[in-house]
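Just below is one structure, and these are the notes that go with it.
First listed ligand is number 1; within each ligand, the first listed atom is number 1. This structure is a prediction, so every number in the text was calculated from the model and none was measured.
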Amino acid sequence: MTSEAVMKLSPIVPVIALESEEDALPLAKALLEGGINIMEITLRTPAGLKAIEVISKALPQMHVGAGTVLNASDFKDAVDHGAAFVFSPGISEELMQTSWELDVALIPGVATASEVMLAKNNGFEHCKLFPATLAGGFEILKAFGGPFPSMRFCPTGGVNLSNINDFLSLENVLCAGGSWIVPKQCMKEKDFKQITTLCIEAMQTIKGKI
Ligand code: 3PG
């Protein structure tokens, strides 16, 4: 799957840090029921890799990738566990090299023009803007549209329902990611129904990119 295809799956990319691998399937099902067919499961928790494996085996309609992939070893572990794509908060030669070697899409994180140039000059035209609101949010993405008209972005970090439509209104934004769509409290209470409700509400609020 190409990084362009990944970024066109859903306007909302849930960024997830799972505490328990048992929550993986119920959460994936709740998101699908709410109309979201992509998950970025971060490697921030020990349960992350196993969750990727469980979902990729049991629910082919859910596109599951890894997030917080920081180096080649993370990248390989994620792919070995079934990740179909990889998100990183940053960009490095090592990550780009591993993406080519494994032929698995990498969506690297960028926050400056120099990092966009590094991505673009290596053929990575689909990037995450991270941390989106701190890096300049809507305004920096609009500015990147000048020198880098072919680049497409997925802002994450500080994105939520109150600003997502601003981001999605930009031509160079294909989707936006965030943890808000899977609130910690819901996970603590295992309230997966509420997560479905939040997804449905969010998808109704989003205009333009659906
Ligand atoms: C990420 O890795 O994309 C971010 O940690 C998500 O940021 P958020 O928690 O502000 O949505």
Is a side-chain N or O of Ser99 found less than 3.5 angstrom from the main chain of Val104, in a donor-acceptor match? yes
Taking 4.0 angstrom as the limit and counting only heavy atoms of Gly178, give me the atoms of ligand 1 inside it, by number and element. 11 (O)
For Thr156, the ligand 1 atoms whose distance to one of its heavy atoms is below 4.0 Å: 1 (C), 3 (O)
Under a 3.5 Å distance rule, please check whether Thr156 uses its side chain to pair with a backbone N or O of Phe130 as donor and acceptor. no
Below 4.0 Å from ligand 1: does a non-hydrogen atom of Gly158 turn up there or not? yes
In terms of hydrophobic clusters joined by side-chain contacts under 4.5 Å, are Ile16 and Phe85 together? yes
So how far is it from Met39 CE to Leu32 CG, rounded to the nearest 0.5 Å? 8.5 Å
Between Pro14 and Ile38, the two heavy atoms sitting closest are CD-O, 3.0 Å
Pro11 versus Met203, closest heavy-atom pair with distance: CD-CE, 4.1 Å
Heavy atom under 4.0 Å from ligand 1: found in Phe87's side chain, backbone, both, or neither? neither
protein heavy-atom neighbour closest to atom 4 (C) of ligand 1 works out as Phe130 CE1, 3.6 Å
With a 3.5 Å cut-off and no angle check, do the side chains of Glu33 and Thr196 form a donor-acceptor pair? no
I'd like to know if the side chain of Ser10 and the backbone of Val13 have a donor-acceptor N/O pair within less than 3.5 Å. no
Under a heavy-atom criterion of less than 4.0 Å, does Gly157 contact ligand 1? yes
May I ask you to check whether Lys128 has an N/O atom sitting below 3.5 Å from an N/O atom of ligand 1? yes
Could you find the nearest protein heavy atom to atom 8 (P) of ligand 1 and give me its residue, atom name and distance? Ser179 OG, 3.4 Å
If we only count N/O pairs under 3.5 Å, is Trp180 in contact with ligand 1? no
Among protein heavy atoms, which lies nearest atom 1 (C) of ligand 1, and at what distance? Arg44 NH2, 3.4 Å
Val15 neighbourhood, listing ligand 1 atoms whose heavy-atom distance to it stays under 4.0 Å: 1 (C), 2 (O), 3 (O)
